[in-house]
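Here's the structure, in structure tokens; my notes come after.
Not measured: the values here are computed from a predicted model. Counting begins at 1 with the first residue of the sequence.
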Amino acid sequence: MPLKDTVKAAVRDEVTGVTALAKESAATGTYLYPLRGIIYFLTHRALWKPLTSRLLPLLTLSTGVITSMFLFTYVPQSFLLTFVNGPIAWISTIALVLSESAAIITALSRTFLIDEALVDIFDGVLLLEGMSALVKNGRELEDGNGVMGKLGKMVKKPFEKFTIKSLVSYLIWLPVNFIPIIGTVVFIFVQGRKLGPVYHARYFQLKSYSNQQKNTFVERNQPAYIRHVMLHFGTVSILLQLVPIASIFFSYTNTVGAALWAIDIEKGNRPAEGKRVGGAIADGEKKEL
């Protein structure tokens with residue numbers, strides 16, 4: 001099969017999957033976790049310090065990246081997209097530039113500024129919800145003031161850093177944006193599916209899962225885990241992170257949402273089909289992996 005036909009077939013299959021999964025997302029409500037994360041973060045001042053202490057450099061980074069990307073990449077990309085998208089090319093181009101900016105901001109900020117801060121946020125939410133035993137699997141707890149004051153030295157640092165592999169994967173999917181409208185939608189869903197597991201990396205490590213156990217868990221619980229965590233959660237998260245300047249803020253709130261999802265798994269409060277996910281991640285199931 002010619003390469004062109006292969007690419008078309010892959011995109012067509014992705015579009016079909018996106019349509020079905022989008023309908024299910026609305027039914028299960030899993031997409032609400034990032035939104036719950038926003039509300040929870042805003043109503044719990046104890047979680048603000050990891051963000052406020054880094055706010056100025058983060059705002060400077062976000063503003064600089066987004067401004068530079070629109071100044072230097074918007075026009076040439078808009079010109080190319082005009083050939084396939086016609087008069088609506090400016091919509092696809094804006095989404096593309098914002099997506100590119102979000103990827104750069106996320107990579108730089110997580111590498112140099114907020115990697116440990118996001119771990120603190122995740123662990124802080126678990127502490128606020130009475131999950132101290134789980135947090136102790138990944139760090140020491142102290143008798144400090146406030147939830148952040150109780151977070152001691154980390155013994156496990158799970159959040160995945162930006163890698164060349166993730167950059168290559170991102171660039172491979174960029175041309176999909178040349179497909180009018182639906183291409184941009186597919187691109188966002190694909191990136192969301194990749195982003196979802198990153199936010200749950202801390203949970204897997206606090207559960208003391210090895211990479212092999214984590215992969216076994218994901219494979220055993222497909223398609224439930226992929227639909228609920230990887231796609232639904234990840235897609236809404238990446239859409240929030242496309243918002244100019246505020247993308248860093250949503251990185252924090254998305255982490256809060258991921259922690260709330262992990263807490264619901266532990267407590268058994270999850271969408272109907274997701275019960276298989278929670279059951280599989282329980283300690284009893286872990287022994288069978």
Side-chain angles (χ1 to χ4, degrees), residues 2-19 21-22 34 57-114 160-196 198-199 230-231 233-251 254:
L3 179 59
K4 182 178 180 181
D5 293 337
T6 301
V7 172
K8 286 183 177 179
V11 172
R12 184 171 56 252
D13 291 342
E14 193 68 39
V15 171
T16 302
V18 163
T19 302
L21 292 168
L58 288 173
L59 287 176
T60 302
L61 172 65
S62 297
T63 304
V65 170
I66 293 174
T67 301
S68 299
M69 289 296 291
F70 272 96
L71 283 176
F72 298 107
T73 70
Y74 178 82
V75 172
Q77 291 186 106
S78 179
F79 176 76
L80 292 175
L81 288 174
T82 299
F83 288 102
V84 290
N85 290 359
I88 62 171
W90 64 275
I91 299 177
S92 299
T93 306
I94 290 176
L96 178 59
V97 174
L98 288 177
S99 178
E100 293 166 344
S101 300
I104 295 172
I105 292 170
T106 299
L108 293 177
S109 62
R110 293 189 63 144
T111 300
F112 300 107
L113 293 173
I114 66 172
E160 302 174 13
K161 293 183 180 294
F162 184 72
T163 63
I164 296 298
K165 181 180 179 180
S166 62
L167 175 61
V168 171
S169 175
Y170 183 88
L171 293 176
I172 288 176
W173 277 99
L174 272 179
V176 174
N177 286 276
F178 284 89
I179 302 174
I181 302 179
I182 193 63
T184 301
V185 174
V186 170
F187 178 79
I188 290 175
F189 268 76
V190 170
Q191 297 308 311
R193 184 167 58 187
K194 296 177 184 298
L195 181 64
V198 175
Y199 279 105
M230 290 186 176
L231 185 59
F233 180 90
T235 299
V236 176
S237 296
I238 200 169
L239 283 172
L240 290 173
Q241 289 181 208
L242 292 180
V243 180
I245 307 301
S247 59
I248 292 297
F249 168 76
F250 289 127
S251 293
N254 287 338

Distance check, rounded to the nearest 0.5 Å: Ile105 atom CD1 versus Ser251 atom OG? 8.5 Å

Say you draw a straight line from OG of Ser109 to CD1 of Ile104; how long is it, rounded to the nearest 0.5 Å? 11.5 Å

Looking only at heavy atoms, the pair that brings Ala89 and Ser78 closest together is CB-O, 4.2 Å

Can you tell me how far apart OG1 (Thr82) and CD1 (Ile88) are? Round to the nearest 0.5 Å. 10.5 Å

Can you name the side chain to side chain contact (heavy atoms under 4.5 Å, CB included) partners of Thr73, sequence neighbours left out? Met69, Gln77, Val97, Glu100

Applying ring pair (Phe, Tyr, Trp, His ring centres under 6.0 Å), can you list everything that pairs with Phe72, at least two apart in sequence or on another chain? none

Side-chain heavy atoms of Tyr74 within contact of Ile94, under 4.5 Å: yes

Taking atom CG of Leu58 and atom CD1 of Ile114, what is their separation to the nearest 0.5 Å? 6.0 Å

Evaluation steps, side-chain contact (heavy atoms from CB on, under 4.5 Å), between Leu81 and Trp90: CA-CA 8 Å; Leu81 288 174; Trp90 64 275; over 6 Å; no

Pairwise distance CD1(Ile66) to CG(Leu71) - rounded to 0.5 angstrom: 12.0 Å

